[in-house]
2 protein chains.
Amino acid sequence: MDSVEVFKALSNKTRLQILSWLKDPETHFPAQEQMSLDCHGVCVGQIQIKCGLSQSTVSEYLSLLQRTGLVTATRVGQWTYYKRNEEGIKLLEQFIQNEI
Amino acid sequence: MDSVEVFKALSNKTRLQILSWLKDPETHFPAQEQMSLDCHGVCVGQIQIKCGLSQSTVSEYLSLLQRTGLVTATRVGQWTYYKRNEEGIKLLEQFIQNEI
DNA sequence: CAAACATATCGCCTTTTTCCGATATAACAA
DNA sequence: TTGTTATATCGGAAAAAGGCGATATGTTTG
């Protein structure tokens with residue numbers, strides 16, 4: 001885990017919100033079918049609508065969150081579904097408890 | 001706690017190192033007398049030497065860490081001693097566990 | 001095949017961060 | 001008082017991040 005990069009990824013209100021929304025996707029993304037929610041996560045378009053930022057910005061935010069290990073991405077057809085990576089988030093918690 | 005500002009403060013290798021060094025100041029700052037270490041923390045000059053950055057940069061880093069609640073500062077004579085603020089760090093841990 | 005759709009990437013400009021040297025402030029010492 | 005030491009603050013140049021529109025890539029549908 002590159003801790004500096006992880007903290008940079010978290011240094012942004014929108015990206016923090018995305019992570020928080022993905023804790024409870026059923027509540028925050030009702031427009032999407034339940035099945036894909038549970039299986040793979042939430043697709044970029046739904047997250048973009050909720051953020052209110054441009055498509056390119058949200059796509060870049062999500063790929064940053066993925067590079068830093070905070071979410072995982074699954075491509076299914078023309079959609080990319082993102083969900084929280086609880087293991088990566090646990091690594092962050094451990095880093096803060098042990099190294100900071 | 002302004003979580004975005006806290007994560008920005010942690011998005012820097014040197015500032016992370018400072019926090020880590022202050023976990024065990026006796027080991028990392030042997031040049032300083034034990035008494036002030038335990039009482040108030042470590043003074044700016046000692047931290048600056050260990051960082052290898054300019055005096056102004058380190059002073060600004062420390063005041064950023066203080067503004068975000070991660071350390072506390074105590075002025076004693078011509079020295080300012082910095083030490084970890086365990087309460088602020090606990091707030092960060094709780095934020096990560098509850099909000100992220 | 002072409003058109004439509006979802007996402008990713010590129011180029012660009014603006015804003016913020018990084019880090020420095022110079023200078024200011026404050027405390028101490030002679 | 002003057003000089004010295006420790007820290008803080010200011011101003012600026014370079015690098016990075018924020019965020020956009022345009023465009024490219026990949027997938028589905030007709």
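Lettering of chains follows the sequences in order, A, B, ..., and the numbering in each one begins at 1.
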Proximity to the side chain of B:Arg75 - top-ranked nucleotide from C:dA27, C:dA8, D:dC20: C:dA27
Which nucleotide in D:dA8, C:dA8, D:dT9 has an atom nearest any side-chain atom of A:Tyr82: C:dA8
Side chain to side chain contact (heavy atoms under 4.5 Å, CB included) partner of B:Asn85, chosen from B:Leu65, B:Thr68, B:Thr72: B:Thr72
Minimum-distance nucleotide to A:Ser56 side chain [options: D:dT27, C:dC10, C:dC20]: C:dC10
5' precedence on DNA chain D between A:Glu5 and A:Thr57 (nearest-nucleotide basis): A:Glu5
d(CG, A:Asn12; P, D:dA16) in whole Å: 19 Å
Distance, rounded to the nearest Å, where A:Gln55 contributes CD and C:dA4 contributes P: 18 Å
Nearest-Å distance for atom pair CZ/C1', residues A:Arg15 and D:dG18: 8 Å
Gap between atoms CH2 and P, on A:Trp79 and C:dC5 respectively (whole Å): 11 Å
Interatomic distance, A:Phe7 CZ vs C:dT17 C1' [rounded to whole Å]: 18 Å
Selected nucleotide, minimal atom distance to B:Val44 side chain, candidates D:dA8, C:dA8, D:dC20: D:dA8
Atom-pair distance (NZ on A:Lys8; P on C:dT16), nearest Å: 17 Å
Ionic contact status for B:Lys8 with B:Glu5, cut-off 4.0 Å: yes
Side-chain touch A:Phe29/A:Leu22, heavy atoms, less than 4.5 angstrom: yes
Mutual orientation of the aromatic rings belonging to A:Trp21 and A:His28 [parallel < 30°, tilted 30-60°, perpendicular > 60°]: tilted
Any N/O donor-acceptor pair, A:Glu60 side-chain to C:dC10 base, under 3.5 Å: yes
Residue-phosphate contact under 4.0 Å: B:Ser11 side-chain N/O, C:dT17 OP1/OP2: no
Residue pair A:Leu62 / A:Thr80, side-chain heavy-atom distance below 4.5 Å: no
Given C:dT17, D:dT5, D:dA8, the nucleotide with the shortest approach to the side chain of B:Gln78: D:dT5
B:Leu10 CG - C:dT17 C1' separation (whole Å): 15 Å
Spacing between B:Ile49 atom CD1 and D:dT5 atom P, to the nearest angstrom: 14 Å
